[in-house]
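One structure below.
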Amino acid sequence: MLGKFKESVKDFSENVKSAVAEKELDEDTLDPLLEELRLKLLQNNVSLDAAESIESNLKQELQGEKVKRGTAEEKVNEAVRQTLMDLLDDSFDLDQALEKAEHPPTVFFIGFNGSGKTTSLSKVADYLQQQGEDVVMGAGDTFRAASIEQLEEHGDNLGVDVISHEYESDPAAVAYDTVEHADKEDKIALVDTAGRSHADKNLMDELQKMVRVNDPDITFLVVDALSGNDVLEQAEAYEGMFDAVIVTKMDVDENGGAIISISEKSGKPVAFIGTGQGYKDLENFDKESFIDQILD
Ligand SMILES: Nc1nc2c(ncn2[C@@H]2O[C@H](COP(=O)(O)OP(=O)(O)O)[C@@H](O)[C@H]2O)c(=O)[nH]1
Ligand SMILES: [Mg+2]
């Protein structure tokens, strides 16, 4: 994970170092180096907007700086670190958010097909159970073949009740019943939804209705780290509908670009990263350790 990104930053500071040997960091020196860094960020699936924002921050930090040979790398790393610290948000705290929630606390998982909604929901269910909380899962994906059975299997594995209706039935009603069950039994309601894209007008309307009827306390947008630049389309499709992001498949991603892109685009915190297919493969997103991995 993040190997390629690290290389980009290394190359950039190497370039700065050799430029410094000749002259100070004026615009003419810095611009081509920044452009090279930008290209490398883009190759690592960092979105153009995010790459440009990083670039302009670095320019502000570094331009006119007199950096002694030997300290250039430190200086650049510090500038990249500061830029990423400002860009990334890891302030979301699930336990706190649940404490503040209405009763029963209701959590929705939304996102494109295959992004990892059902898996992440099950991981969160497991996490909450470990914390001593009772949870119920709602099979709100009534659209995709086998989705209900998939959630029921997770329910069996975890010993968690699953509320489900028929395929093709109204997912708002499934969510409603899940919340009602949670209310009666003093549980947290975790509601799955069907994958949607801009193109699926009906499914998008259905999701809006689900949200309207059930007014979730927390909605997670689940995106797949491998989807690269497509995360922008996903952030757009669900704009205004989510509170925090879960980025899955970080175990198979090479560069971490998706986290940077979605953060820049949405301005929302990244709550968790998915690091595998098992229930325990869910980590709180910690921006400092993420940045450490890039810069080490
Ligand atoms: N390697 C890896 N696979 C994941 C992760 N999260 C989900 N998956 C896999 O991605 C596929 C799609 O996940 P699923 O939860 O069904 O996606 P959904 O369509 O959004 O509900 C499944 O095969 C999951 O096991 C993750 O963090 N790492
Ligand atoms: Mg699913």
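Note: hydrogens, waters and symmetry copies are ignored here, and every other heavy atom, side chains too, is used. Computed from a predicted model, the values in this text were never measured in an experiment. Start at 1 and go down the list; that is how both ligands and their atoms are numbered.
- For Asp281, the closest heavy-atom approach to ligand 1 does not fall below 4.0 Å.
- Side chain of Asp253 to main chain of Leu226: no donor-acceptor pair is present (N/O by atom type, distance under 3.5 Å, no hydrogens or angles).
- With atom 6 (N) of ligand 1 as the reference point, the heavy atom nearest to it among Leu121, Thr248, Asp251 is part of Thr248.
- Remark: of the listed residues Leu34, Leu33, Leu37, Leu33 is the sole one forming a side-chain contact (heavy atoms from CB on, under 4.5 Å) with Val16.
- Residue Asp192 places no N or O, backbone or side chain, under 3.5 Å from any N or O of ligand 1.
- Shortest contact from atom 26 (C) of ligand 1 to any protein heavy atom: Gly276 O, 3.1 Å.
- In this structure, Glu185 places its CD atom where more than 12 heavy-atom neighbours from other residues, nucleotides or ligands lie under 6.0 Å away.
- Environment of CZ in Phe92: crowded, with over 12 heavy atoms of neighbouring residues, nucleotides or ligands closer than 6.0 Å.
- Under a 4.0 Å criterion applied to the non-hydrogen atoms of Phe112, ligand 1 contributes the atoms 20 (O).
- Atom CD of Glu288 has 12 or fewer heavy atoms from other residues, nucleotides or ligands within 6.0 Å.
- There is no side-chain donor-acceptor pair under 3.5 Å between Thr83 and Glu61.
- Looking at atom 11 (C) of ligand 1, its nearest protein heavy atom turns out to be Lys249 NZ, 4.1 Å.
- Using a 4.0 Å cutoff on heavy atoms, Ser115 counts as a contact of ligand 1.
- Within ligand 1, counting atoms from 1 as listed, the ones closer than 4.0 Å to a heavy atom of Gly274 are 27 (O).
- Residue Thr118 approaches ligand 1 through these ligand atoms, each under 4.0 Å from one of its heavy atoms: 15 (O), 21 (O).
- Closest to atom 25 (O) of ligand 1, if we only count protein heavy atoms, is Gln277 OE1, 2.6 Å.
- For Lys187 (side chain) and Asp134 (main-chain N/O), no donor-acceptor pair under 3.5 Å exists by modelled atom type.
- Here Thr118 meets the criterion, with an N, O or S atom under 2.8 Å of the Mg ion (ligand 2).
- Scanning all protein heavy atoms for the shortest distance to atom 12 (C) of ligand 1 gives Gly114 O, 3.7 Å.
- Other residues, nucleotides and ligands place no more than 12 heavy atoms under 6.0 Å from the NZ atom of Lys209.
- Under 4.0 angstrom from ligand 1, the non-hydrogen atoms of Thr275 all belong to its backbone.
- Closest to atom 16 (O) of ligand 1 by heavy atom, among Met250, His154, Gln150, is Gln150.
- Regarding atom 17 (O) of ligand 1, its nearest protein heavy-atom neighbour is Gly116 N, 3.0 Å.
- Of all protein heavy atoms, the one lying nearest to atom 15 (O) of ligand 1 is Thr119 OG1, 2.6 Å.
- Here the side chain of Thr106 pairs no donor or acceptor atom with the backbone of Ala189 at under 3.5 angstrom.
- Within 6.0 Å of the CD atom in Glu102, the count of heavy atoms belonging to other residues, nucleotides or ligands does not exceed 12.
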